[in-house]
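Heavy atoms only: backbone and side chains are in, while hydrogens, waters and symmetry mates are out. Remember, it's 1-based here, ligands and their atoms both numbered in the order they're listed.
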Amino acid sequence: NNIKDIKNIKELEIYIKESISCALKKQAKSTVLGEGNINSSIMFIGEAPGAEEDKLGKPFVGAAGQLLSKMLNSIDIDRKGIYISNILPWRPPNNRTPTNEEIIECLPFIQKIVEIISPKLIVLLGATASKAILNSNVSISNLRGKWHKYQSINYNKKVDCLVTYHPAFLLRSPNFKKQSWEDLKMLKKKIENEKL
Ligand code: URA
């Protein structure tokens with residue numbers, strides 16, 4: 001029962017459900033790992049399940065998820081074709097922002113998911129995802145607009161990462177949609193150039 005030996009999402013799900021105990025898990029209804037095409041070369045990573053996601057056990061199914069689907073459709077991506085996950089598999093109480101301690105506690109899970117999916121390209125939605133994956137406290141506005149590399153000690157590939165605003169933030173601050181659209185175009189260009 002060691003995370004090192006886990007080979008697929010189902011095994012990871014069982015491992016987290018059976019072997020992990022933490023405060024967030026106790027108060028959540030669901031353990032939400034991810035959804036979509038496990039063979040995709042493209043992965044999107046958000047923050048944590050919200051109320052709808054906790055209820056249904058699936059990522060990005062509430063209002064933010066609907067906006068994410070629209071954003072994807074605007075660059076001809078069907079969400080079923082990519083893999084979508086979060087940094088935390090559990091909903092923080094009242095959707096509060098996860099603490100750094102919680103992010104670090106859950107980091108081995110998303111690192112494992114990246115290893116399993118082995119994407120060519122990762123899109124990081126919002127500050128929690130970019131902090132955790134890029135190991136950085138730099139703001140979204142400074143991280144967006146360029147490509148970053150993800151690597152970790154258990155993984156010998158370097159993965160191209162793009163940082164952009166979280167759809168939940170865009171719902172509250174629609175004037176950032178212009179920048180978000182620039183990021184989506186940058187993503188689309190890379191997908192076309194590299195035939196991903
Ligand atoms: N926000 C996230 O970051 N993830 C979800 O799955 C839903 C909302």
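- Of the listed options Ser85, Ala168, Ala48, Ala48 places a heavy atom closest to atom 8 (C) of ligand 1.
- Those atoms of ligand 1 with a heavy atom of Pro59 less than 4.0 angstrom away are 6 (O).
- Checked by atom type, the side-chain pair Asn142/Ser139 shows a donor-acceptor distance below 3.5 Å.
- By the 3.5 Å distance cut-off applied to N or O atoms, Glu53 is not counted among the residues near ligand 1.
- The shortest N or O to N or O distance between Ala64 and ligand 1 is not below 3.5 Å.
- Within ligand 1, the atoms closer than 4.0 Å to a non-hydrogen atom of Glu47 are 2 (C), 3 (O), numbered from 1 in the order shown.
- Atoms of ligand 1 lying under 4.0 Å from any heavy atom of Gly46, numbered from 1 in the order shown and given with element: 3 (O).
- Side chain to side chain, Asn154 and Lys112 fail the donor-acceptor criterion of an N or O pair below 3.5 Å.
- Distance from atom 4 (N) of ligand 1 to its nearest protein heavy atom, with residue and atom name: Asn86 OD1, 2.8 Å.
- Taking a cut-off of under 4.0 Å to the non-hydrogen atoms of His166, the atoms of ligand 1 that pass are 1 (N), 2 (C), 3 (O).
- A 4.5 Å side-chain heavy-atom check between Ile113 and Met43 finds at least one atom pair inside the cut-off.
- Between Ser30 and Lys55, the side chains place no donor N or O within less than 3.5 Å of an acceptor N or O (distance only, hydrogens not considered).
- A salt bridge does not link Glu52 to Lys58: none of the charged side-chain nitrogens sits closer than 4.0 Å to a carboxylate oxygen.
- With salt bridges taken as basic N to acidic carboxylate O contacts below 4.0 Å, one links Lys190 and Asp160.
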